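These notes are about the structure you will find just below.
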Amino acid sequence: MKRTDCYDLNTNGIVVMVEPYSQREQRNLVIYRILDANLDRAREGLRIIEEWCRFGLNNAQFTGECKGMRQELASWHTADLRSARDTLGDPGTELTHPQEEQRASIKSLLQANFCRVQEAMRVLEEYGKLYNPNMGKALKQMRYRVYTLESNLMGYQRHQLLLRSHLYLVTSPTDKLLEIVEAALKGGLTLVQYRDKNVDDAVRFQQAQKLRQLCHNYNAIFIINDRVDIALAVDADGVHLGQQDMPIAVARQLLGPHRIIGRSTTNADEMQRAIKEGADYIGVGPVYETPTKEGKPAAGLEYVSYVAKNCSIPWFAIGGIDPNNINDVIDAGAKRVAVVRGIMQAEQPTLVTQYFLSQLNRIQPDPDHSYVESNYYPDQW
Ligand SMILES: Cc1ncc(COP(=O)(O)OP(=O)(O)O)c(N)n1
Ligand SMILES: Cc1ncsc1CCOP(=O)(O)O
Ligand SMILES: [Mg+2]
């Protein structure tokens, strides 16, 4: 019914006279404006996410999912709703949040837009119920699709970054923990594991929280050694588990499909089992005996060569690796290495990190490998 009509049906189906601008019409107009604005908001947010999926990730599945939802939103955006638009009279068009004018990374841009789309869909779900009951139901379903897309996309990005990470810093206890890790991040490090076997949980939790923040500021992955509970508590990117630690299947149940799980291996059997159990990467070593893991016999360069020929997931050679012997480890087939003392005890952690990376980056990804190395290298995501 148009605003100029002066008749309406009452609840008994009897035609009654109404005021030209009845309260109900005014309420409907407001609802239409809310739906119109939020349909636009949700579609814009999805478009921004879609562009990254398409041009940044080359990912047809994520791109298609965004496009499908945009099209479904468009089908709800009827002429009725559009004609209620009153841009000049809308006080919200001038309002922006300072954070909208600045984005630190692709990741924060994506997170902000997922948030925007989810909020808009929640509004559409609630006000949509007053417009058409089917709209409420459809928007609820779509909001869950957006949550799933966000989780899949963020997990995918994390795994892409793991594939691009060739140097892994495993920390050791020191008063200068944050300072050293930041120096290494400045040198280009993208993967950090927090490892401290002898500290109270309260301190471990606090340090892990600070390190996670630091690593994420540099767009680096942050992993916790041994402890799935701490990894969850600080929202880390994953956990590293040794042969004596929690079974991978249990950790996977607790951490979900998108977080990273690494496993230590010292021989072929352990390597095969870790792959079968669903590890995302393995540690390979100790390559050399090391005071950091006292009493643990070296697995040697032979094991490195074996893994180079037989491993189908990313792997990091670890144990006694330093700037003097890294090329022997590379010659044995390693493309990725993990170090503790090599960086934690270096006089210049930034420079040593750059040196390790320069040696590792000389090696090209092996096209015959069964896992796909990412060919997309953004500065930041
Ligand atoms: C990358 C990486 N590889 C191996 C290890 C060793 O793990 P684990 O055998 O559980 O020994 P601890 O580190 O817990 O003493 C690792 N931490 N990281
Ligand atoms: C944690 C761990 N697991 C196998 S070797 C090792 C320690 C490596 O330390 P460093 O790099 O100081 O030799
Ligand atoms: Mg362990």
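Note that the structure is a prediction, hence the values are computed from the model and not measured.
Here the CG-CG distance, from L130 to N28, works out to 8.5 Å after rounding to the nearest 0.5 Å. For the atom pair CG of L167 and CD1 of I343, the computed distance is 4.5 Å after rounding to the nearest 0.5 Å. One distance of note links CH2 of W52 with CD of Q157; it measures 6.5 Å at 0.5 Å rounding. Here the straight-line distance linking atom CG of D237 with atom NE2 of H258 works out to 13.0 Å at 0.5 Å rounding. With rounding to the nearest 0.5 Å, the separation of CD in Q118 from OH in Y144 is 10.5 Å. To the nearest 0.5 Å, atoms CG (L153) and CG (N59) are separated by 8.0 Å.
E270 contributes a side-chain N or O that, together with a main-chain N or O of T266, makes up a donor-acceptor pair within less than 3.5 Å. At least one donor-acceptor pair under 3.5 Å links the side chain of T353 to the backbone N or O of P349. Checked by atom type and distance alone, the side chain of R158 never pairs as donor or acceptor with a backbone atom of I221 at under 3.5 Å. A donor-acceptor pair under 3.5 Å is formed between the side chain of Q243 and the backbone N or O of S264. Side-chain N or O atoms of T350 include none that pairs as donor or acceptor with a backbone N or O of G187 at under 3.5 Å. Put simply, the side chain of N267 gets close to the backbone of D269: a donor and an acceptor are under 3.5 Å apart. For N113 (side chain) and L109 (main-chain N/O), a donor-acceptor pair under 3.5 Å exists by modelled atom type.
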* To do: Kindly indicate, with the supporting measurements, whether the criterion side chain to side chain contact (heavy atoms under 4.5 Å, CB included) is fulfilled by R164 and T190.
  => CA-CA 8 Å; R164 296 200 308 274; T190 51; over 6 Å; no
* For the pair D322 and R341, evaluate salt bridge (Lys or Arg N to Asp or Glu O under 4.0 Å) and give the outcome as yes or no after the intermediate values. => CA-CA 8 Å; D322 61 31; R341 290 165 306 144; over 6 Å; no
* **From CA spacing to verdict: side chain to side chain contact (heavy atoms under 4.5 Å, CB included), Y127, N38** => CA-CA 10 Å; Y127 285 92; N38 282 281; over 6 Å; no
* To do: Show your reasoning for whether side chain to side chain contact (heavy atoms under 4.5 Å, CB included) applies to Y218 and V192.
  => CA-CA 11 Å; Y218 283 83; V192 175; over 6 Å; no
* Step-by-step side chain to side chain contact (heavy atoms under 4.5 Å, CB included) determination, L110 to M154 -> CA-CA 9 Å; L110 290 173; M154 292 306 177; 3.9 Å; yes
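Nearest heavy atoms, G320 versus T290: N-CB, 3.8 Å. Of all non-hydrogen atoms in A42 and L73, the two that sit nearest each other are CB-CD1, 3.7 Å. The shortest non-hydrogen separation linking I248 to A279 is CD1-CB, 3.9 Å. The minimum heavy-atom distance between W315 and A334, with the atom names listed, is CH2-CA, 3.4 Å. Nearest heavy-atom pair across Y194 and V203 is OH-O, 4.4 Å. Contact record, A299 with E302: O-OE1, 3.9 Å, taken as the closest heavy-atom pair.
Partners of Y303 by ring pair (Phe, Tyr, Trp, His ring centres under 6.0 Å), not counting sequence neighbours: none found.
A continuous path of hydrophobic side-chain contacts links M271 to V329 [ILVMFWY only; heavy atoms under 4.5 Å]. Hydrophobic clustering, with ILVMFWY side chains joined whenever heavy atoms are under 4.5 angstrom apart, groups V199 together with M344. Residues L255 and V234 do not share a hydrophobic cluster, defined by chaining ILVMFWY side chains whose heavy atoms lie under 4.5 Å apart.
Between I326 and L360, some side-chain heavy-atom pair lies under the 4.5 Å cut-off. Looking only at side-chain heavy atoms (C-beta outward), T78 and Y131 come within less than 4.5 Å of each other. When side chains are defined from C-beta on, Q209 counts as touching F205, because their heavy atoms get closer than 4.5 Å. Residues M121 and L46 form a side-chain contact, since some pair of their non-hydrogen atoms from C-beta on lies under 4.5 Å apart. Contact annotation: the side chain of L177 never approaches that of K210 to less than 4.5 Å [non-hydrogen atoms, C-beta and beyond]. Looking only at side-chain heavy atoms (C-beta outward), R116 and I48 come within less than 4.5 Å of each other. Under the 4.5 Å side-chain criterion, counting only non-hydrogen atoms from C-beta, Q345 is not in contact with V339. Taking 4.5 Å as the limit, some side-chain heavy atom of Q359 sits within range of a side-chain heavy atom of N327.
No side-chain N or O of N225 forms a donor-acceptor pair with one of R204 less than 3.5 Å apart.
Just one residue in the list E119, E125, E126 forms a salt bridge (charged side-chain N to carboxylate O under 4.0 Å, His left out) with R143, and that residue is E125. Of the options I260, I223, L169, a side-chain contact (heavy atoms from CB on, under 4.5 Å) to L191 is made by I223 and by none of the others. Residue D226 is tested with Q193, R195, K197 for a side-chain hydrogen bond (donor to acceptor under 3.5 Å, both in side chains); the sole match is K197.
Using a 4.0 Å cut-off between a side-chain N of Lys or Arg and a carboxylate O of Asp or Glu, D280 and R252 qualify as a salt bridge. Using a 4.0 Å cut-off between a side-chain N of Lys or Arg and a carboxylate O of Asp or Glu, E65 and R145 qualify as a salt bridge. The existence of a salt bridge linking R41 and E44 is excluded, since no basic side-chain nitrogen approaches an acidic carboxylate oxygen closer than 4.0 Å. At a threshold of 4.0 Å, the pair R82-D40 does not count as salt-bridged, since none of the basic side-chain nitrogens sits closer than that to a carboxylate oxygen. Taking 4.0 Å as the cut-off between side-chain N and carboxylate O, R33 and D36 do not count as a salt-bridged pair.
Counting only residues at least two apart or in different chains, ring pair (Phe, Tyr, Trp, His ring centres under 6.0 Å) contacts with residues 220-254 comprise H240-Y281.
Heavy-atom contacts from other residues, nucleotides or ligands closer than 6.0 Å to NZ of K129 number more than 12. Around the OH atom of Y32, the shell of radius 6.0 Å holds more than 12 heavy atoms that belong to other residues, nucleotides or ligands.
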